Protein chains: 4
Amino acid sequence: MKEFDKKEAIFNAMLELIVKHGFHASPMSDVAKHANVAAGTIYHYFKSKDELICALYVRHKEQMNEILFKNDDPSRLFKDRFRIFYLLLFNHYTKNKNEFIFLEQFINSPFVNTFSRADLQKFDQPTYDFIRKAIFTQVLRDISPKILISMIMGSAHALIKLQLSGEYNISLSELETAFLVCWDGIKRP
Amino acid sequence: MKEFDKKEAIFNAMLELIVKHGFHASPMSDVAKHANVAAGTIYHYFKSKDELICALYVRHKEQMNEILFKNDDPSRLFKDRFRIFYLLLFNHYTKNKNEFIFLEQFINSPFVNTFSRADLQKFDQPTYDFIRKAIFTQVLRDISPKILISMIMGSAHALIKLQLSGEYNISLSELETAFLVCWDGIKRP
Amino acid sequence: MKEFDKKEAIFNAMLELIVKHGFHASPMSDVAKHANVAAGTIYHYFKSKDELICALYVRHKEQMNEILFKNDDPSRLFKDRFRIFYLLLFNHYTKNKNEFIFLEQFINSPFVNTFSRADLQKFDQPTYDFIRKAIFTQVLRDISPKILISMIMGSAHALIKLQLSGEYNISLSELETAFLVCWDGIKRP
Amino acid sequence: MKEFDKKEAIFNAMLELIVKHGFHASPMSDVAKHANVAAGTIYHYFKSKDELICALYVRHKEQMNEILFKNDDPSRLFKDRFRIFYLLLFNHYTKNKNEFIFLEQFINSPFVNTFSRADLQKFDQPTYDFIRKAIFTQVLRDISPKILISMIMGSAHALIKLQLSGEYNISLSELETAFLVCWDGIKRP
DNA sequence: GATGAATGAGCTTTCATTCAT
DNA sequence: GATGAATGAAAGCTCATTCAT
């Protein structure tokens with residue numbers, strides 16, 4: 001078994017357990033069991049439980065940026081690009097529930113404070129640039145990009161959470177309407 | 001010291017500790033210390049740590065509903081009523097950071113699963129009714145109230161989080177613009 | 001069972017185990033077992049294993065100073081007082097092997113560095129004063145008390161170690177000769 | 001790199017780490033790192049950590065006997081030979097602090113029990129013979145050589161420890177006086 | 001009601017040692 | 001010979017909870 005495999009196995013085991021039981025109810029011994037490695041092995045790849053959890057966050061953010069922006073085509077109309085962004089976000093997380101739940105748990109826990117504000121901003125740089133340019137070109141409302149991004153992502157995440165909760169099943173047409181709710185709010189009037 | 005005082009002291013101590021260190025780093029012994037009671041005393045008021053945390057959540061939700069709706073005047077224009085709701089939400093949480101951080105941490109942790117879906121909905125009933133009626137009277141978009149509420153609250157909370165993060169200071173006029181971003185998205189076009 | 005009893009039981013259990021197996025082979029779980037307390041109980045009385053070990057050292061030094069000096073009579077001839085000191089030292093340690101072995105292990109381990117030089121000197125203050133005065137009154141050689149004390153205690157401890165090793169059994173008359181070996185070396189010629 | 005070099009490197013790394021952190025805080029992985037070899041390599045040269053530590057002790061004792069006795073000239077006056085022995089001992093250890101601290105730590109730890117009494121005596125045979133003959137020729141007091149050696153070495157080591165502690169700096173003339181303290185005690189009166 | 005010493009299961013982490021390469 | 005990833009038993013320590021006072 002190659003190193004790559006074990007590290008991945010540990011990541012996946014930790015992700016699954018955190019989602020199911022939370023940080024404090026996911027002992028390293030269980031992570032080891034689920035990853036099919038010895039407890040000590042985890043400590044070859046990660047200095048501590050905290051570091052493993054933070055590495056999981058970093059890995060996720062990098063993967064998401066890849067997913068959201070790898071096919072973005074700046075020559076197209078912004079509204080269309082933004083719609084694709086919105087749908088990619090929704091689709092990825094509703095199909096990868098664990099990643100979403102982990103993410104929400106992480107960013108609302110004191111673990112985030114492990115990172116400096118600058119580090120955290122770095123992960124969101126692609127989204128920040130995406131929105132900032134659209135404000136600059138007068139496509140979006142003339143308001144701080146930070147505020148706009150917060151509102152966009154906040155409402156999108158809430159929508160994803162609703163879907164994942166099983167409390168309500170969002171149809172495709174409702175998703176398109178939700179996109180419009182967002183778009184009508186942020187576009188320059 | 002009256003019973004009331006001790007229970008309140010325990011609530012406040014737990015709230016403060018959770019916000020500062022997270023659930024798993026807030027031992028009951030520390031709660032006792034901060035509340036100036038003996039460790040055993042907590043167990044007169046709450047069956048367990050989990051129960052205490054859940055009771056804290058219930059207390060908070062009830063207080064918030066009181067704050068948000070006690071002065072709501074159904075005879076006024078919905079847009080105005082909604083604006084007040086939006087500002088009350090923002091103002092309360094930006095002035096009571098601990099409550100907000102606890103809330104976000106709680107609802108994104110496996111603790112929420114302590115409650116049945118029905119119980120959780122009960123806490124949000126006032127908001128649900130508030131929005132549902134406005135859809136019914138054709139003031140708001142014709143879309144599931146659950147979706148609309150998710151998006152409204154998601155974006156509002158994200159805004160509050162931005163303000164509390166210290167990363168950006170939202171001015172009064174920006175707050176009014178943010179309200180419009182929200183309103184323009186949800187109002188019936 | 002009173003607090004005093006448990007703390008004492010922990011002290012004694014730790015002492016015995018360290019002597020038998022060394023610091024690193026005396027797990028807290030064994031200490032707990034030998035002291036008939038729960039593992040966690042040790043941590044009510046001592047913040048950590050290291051602190052327990054250091055407290056053991058402090059306790060020992062205080063007891064020894066009591067033993068060595070409580071009956072010292074400054075009105076007597078110094079040689080006699082010193083002889084009593086010498087014999088008390090030898091007798092106490094040969095009858096309390098564990099204390100001696102712990103002490104030697106402790107002061108030759110990196111644990112001593114827990115204490116500042118000043119703290120360590122404080123424990124030896126009574127002996128220091130005892131010897132310094134005898135140098136001042138021209139009974140002992142005119143040499144730094146630190147040097148004299150080192151040589152006295154070093155040779156006395158080595159003698160005790162010889163006796164405790166079982167390699168050789170020191171008779172009473174040999175002990176008196178050993179005292180003279182010491183005395184003839186340190187007295188003012 | 002020759003075998004010799006690696007074994008030496010391992011010895012030196014272990015010595016340094018033990019002195020700095022003690023036996024129980026000197027992991028083999030650190031020894032490997034400091035010696036610039038792989039962890040597994042240590043096990044080609046030594047069966048276990050304990051064996052490595054014991055081998056270190058043996059190596060040291062052999063080196064010391066070489067140093068102390070290689071230039072001893074039995075035709076000279078015993079007092080002079082003993083003085084040289086005394087000064088060699090002091091000089092070597094005050095210039096090789098690590099060796100001294102390791103030695104003291106080792107002989108006061110349960111590790112010594114790895115060796116039989118006979119083995120331990122073998123290492124001290126040269127010193128034993130040196131002193132025994134001087135008693136036999138009536139130069140030294142008529143007392144068991146074991147007692148005499150214990151007292152000599154005990155006081156000498158205590159002196160070295162004083163110097164190494166940095167607590168007091170022993171001058172050359174004080175060292176000569178210390179030698180006389182020793183000599184006046186042991187010489188036949 | 002209130003206390004806080006005591007519990008002990010269970011946590012994170014370490015580290016001597018092995019073995020496939 | 002040499003490597004260092006992998007092991008897993010065992011360490012130090014924490015903390016929710018209990019119960020005699």
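Only this structure's heavy atoms are used, side chains among them; waters, hydrogens and symmetry mates stay out. Keep in mind the model is a prediction, meaning the values are calculated, not measured.
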To the nearest Å, give me how far apart [atom1] ([X]) and [atom2] ([N]) are.
X	N	atom1	atom2	value
C:Ile10	E:dT7	CD1	P	9 Å
B:Lys33	E:dA5	NZ	P	11 Å
A:Ile42	F:dA5	CD1	C1'	14 Å
A:Glu51	E:dT14	CD	P	12 Å
B:Asn36	E:dA2	CG	P	14 Å
C:Ile18	F:dG12	CD1	C1'	14 Å
A:Lys47	E:dT14	NZ	P	11 Å
B:Phe23	F:dC15	CZ	P	16 Å

What does [N] pair with, Watson-Crick or G-U, if both distances are under 3.5 Å?
N	result
E:dT21	F:dA2
E:dC15	F:dG8
E:dA9	F:dT14

From C-beta outward on C:Met28, which listed nucleotide comes closest to its side chain: F:dT3, E:dT12, F:dG12?
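The nucleotide sitting nearest to the side chain is F:dG12.
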Between C:Thr41 and A:Lys49, who's closer to the 5' end of DNA chain E by nearest nucleotide?
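The residue closer to the strand's 5' end, by nearest nucleotide, is C:Thr41.
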Find which nucleotide of DNA chain E each of A:His24 and D:Ser26 is nearest to by heavy atoms, and output the residue with the more 5' nucleotide.
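Its nearest nucleotide being more 5', the pick is A:His24.
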I'd like to know if the side chain of D:His157 pairs up with that of D:Glu104 as donor and acceptor (distance under 3.5 Å, no hydrogens or angles considered).
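Judged by distance alone, the side chains do pair up.
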Phosphate contact ([N] OP1 or OP2) by [X] side-chain N/O below 4.0 Å:
X	N	answer
A:Tyr43	F:dA6	no
C:Lys6	E:dT7	yes
C:Tyr45	E:dA6	yes

How many angstroms lie between atom CZ of C:Phe106 and atom CD of C:Glu99, to the nearest 0.5 angstrom?
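It comes to 14.5 Å.
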Would you please test D:Arg59 and D:Glu8 for salt bridge (charged side-chain N to carboxylate O under 4.0 Å, His left out) and show each step?
CA-CA 11 Å; D:Arg59 189 182 79 139; D:Glu8 272 303 296; 2.8 Å; yes
Let me know, please, whether B:Gly40 or C:Ala39 comes out on the 5' side of the other along DNA chain F by nearest nucleotide.
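Looking at DNA chain F, the more 5' nearest nucleotide goes with C:Ala39.
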On DNA chain F, check which nucleotide each of B:Ser48 and C:Asp50 is closest to and give me the residue with the more 5' one.
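Going by which nucleotide is closer to the 5' end, it is C:Asp50.
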Please determine whether any donor N or O and acceptor N or O are separated by less than 3.5 Å between the side chain of B:His44 and the base of E:dA2.
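Result: at least one qualifying N/O pair found.
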Criterion side-chain contact (heavy atoms from CB on, under 4.5 Å) against C:Asn98, the qualifying member of C:Leu103, C:Leu15, C:Ile18:
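Single side-chain contact (heavy atoms from CB on, under 4.5 Å) partner of C:Asn98 among C:Leu103, C:Leu15, C:Ile18: C:Leu15.
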Given A:Tyr57, which partner from the list A:Phe102, A:Phe115, A:Phe11 fulfils the ring-ring contact (aromatic ring centres under 6.0 Å, His included) test?
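Considering A:Phe102, A:Phe115, A:Phe11, a ring-ring contact (aromatic ring centres under 6.0 Å, His included) with A:Tyr57 is found only for A:Phe115.
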